[in-house]
Amino acid sequence: MVKDIAALIGRIAVGIVFVAHGWQKFTEFGMAGTAGSFDKMGVPLPSLSAWFAATVELAGGLALIAGVALPVVGVLLALDMLGAWLLVHLPNGLLGEGGAELVIVLGAAALALGFNGGAYALDRVLFKNNKVLNPAAV
């Protein structure tokens, strides 16, 4: 029970950060602004990449909080952060301005929580017998 509560707290905390970043891309920067920023940072296919990142972060963060499709969401969020690390943050090192520490932690946490989301996840109810979307299925 304690590990399930810890997983729930982790999913909520990490999910909130992803939701905030996705929401920011859609509302504060707008998709044109996000794509322009991605272009300046050298991200390939900046418009497509902006839509991918914003959608995965917003929808994935919400799904992580709810505990829905956790393995899929965990992998997508981890891939999003891997892209951010390799394409943007890697030249800046680990710490400091533009450092990679946040994207590394978020990617690893999303991946871990995607496969260990705890008992308080909708996957446990919705996909009771599906071993892909509910790794705890028997």
Engineer: Report yes or no: do Val56 and Val14 belong to one cluster of Ile/Leu/Val/Met/Phe/Trp/Tyr joined by side chain heavy-atom distances under 4.5 Å?
Structural biologist: yes
Engineer: Cluster question for you: counting only ILVMFWY and a side-chain heavy-atom cut-off of under 4.5 Å, with indirect links fine, are Ile12 and Leu122 together?
Structural biologist: no
Engineer: Other hydrophobic cluster members with Val2, side-chain heavy atoms of Ile/Leu/Val/Met/Phe/Trp/Tyr under 4.5 Å, chained?
Structural biologist: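 Besides Val2, the cluster holds no residue at all.
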Engineer: Looking only at heavy atoms, which two atoms of Val103 and Ala84 are closest? And how far apart?
Structural biologist: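 For Val103 versus Ala84, the nearest heavy atoms are CG1-CB, 4.0 Å.
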Engineer: If two hydrophobic side chains count as joined below 4.5 Å and joins carry through other members, does Met41 share a cluster with Leu90?
Structural biologist: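 No.
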Engineer: Can you check whether Pro44's main-chain N or O pairs, donor with acceptor, with Ser49's side chain at less than 3.5 Å?
Structural biologist: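 It does hold such a pair.
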Engineer: CG/Leu82 to CG/Leu106 distance, rounded to the nearest 0.5 angstrom?
Structural biologist: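 Between Leu82 CG and Leu106 CG, I get 13.0 Å after rounding to 0.5 Å.
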Engineer: Can you give me the closest heavy-atom contact between Pro46 and Ala35, atom names plus distance?
Structural biologist: CB-O, 3.3 Å
Engineer: If only atom types and distance count, is the side chain of Asp4 paired as donor or acceptor with the main-chain N or O of Ala119 below 3.5 Å?
Structural biologist: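 Yes, because the side chain of Asp4 sits within donor-acceptor range (under 3.5 Å) of the backbone of Ala119.
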Engineer: Should Leu86 and Leu102 be regarded as members of a common hydrophobic cluster, given that ILVMFWY residues are connected when their side-chain heavy atoms come within less than 4.5 Å of each other, either directly or indirectly?
Structural biologist: yes
Engineer: To the nearest 0.5 Å, what is the distance between CG (Leu70) and CG (Leu77)?
Structural biologist: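 The CG atom of Leu70 sits 10.0 Å away from the CG atom of Leu77.
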Engineer: Partners of Val105 by side-chain contact (heavy atoms from CB on, under 4.5 Å), sequence neighbours excluded?
Structural biologist: none
Engineer: According to the salt bridge (charged side-chain N to carboxylate O under 4.0 Å, His left out) rule, which pairs have a member within residues 8-17, sequence neighbours left out?
Structural biologist: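 Residue pairs with at least one partner in residues 8-17: there are none.
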Engineer: If you compare all heavy atoms of Val73 against all heavy atoms of Val68, which two are closest, and at what distance to 0.1 Å?
Structural biologist: CG2-O, 3.7 Å
Engineer: When hydrophobic residues are tied together by side-chain contacts of less than 4.5 Å, even through go-betweens, does Met31 share a cluster with Phe52?
Structural biologist: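 Each belongs to a different hydrophobic cluster.
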Engineer: Looking only at non-hydrogen atoms, find the nearest pair between Ala78 and Ala110 and report the distance.
Structural biologist: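 For Ala78 versus Ala110, the nearest heavy atoms are N-CB, 4.5 Å.
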Engineer: Roughly how far, to the nearest 0.5 Å, is the CG atom of Leu8 from the CD1 atom of Ile65?
Structural biologist: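 Rounded to the nearest 0.5 Å, the CD1-CG separation comes out at 10.0 Å.
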Engineer: Any side-chain hydrogen bond (donor to acceptor under 3.5 Å, both in side chains) pairs touching residues 57-71, not counting sequence neighbours?
Structural biologist: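 Qualifying pairs, neighbours excluded: Lys25-Glu57.
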Engineer: Could you give all pairs that pass the ring-ring contact (aromatic ring centres under 6.0 Å, His included) test and reach residues 1-41, with sequence neighbours left out?
Structural biologist: Phe26-Trp51
Engineer: Do Val43 and Val88 have side chains that get closer than 4.5 Å, going by heavy atoms?
Structural biologist: yes
Engineer: Which side-chain hydrogen bond (donor to acceptor under 3.5 Å, both in side chains) pairs, counting each pair once, include a residue from residues 78-102, with sequence neighbours left out?
Structural biologist: none
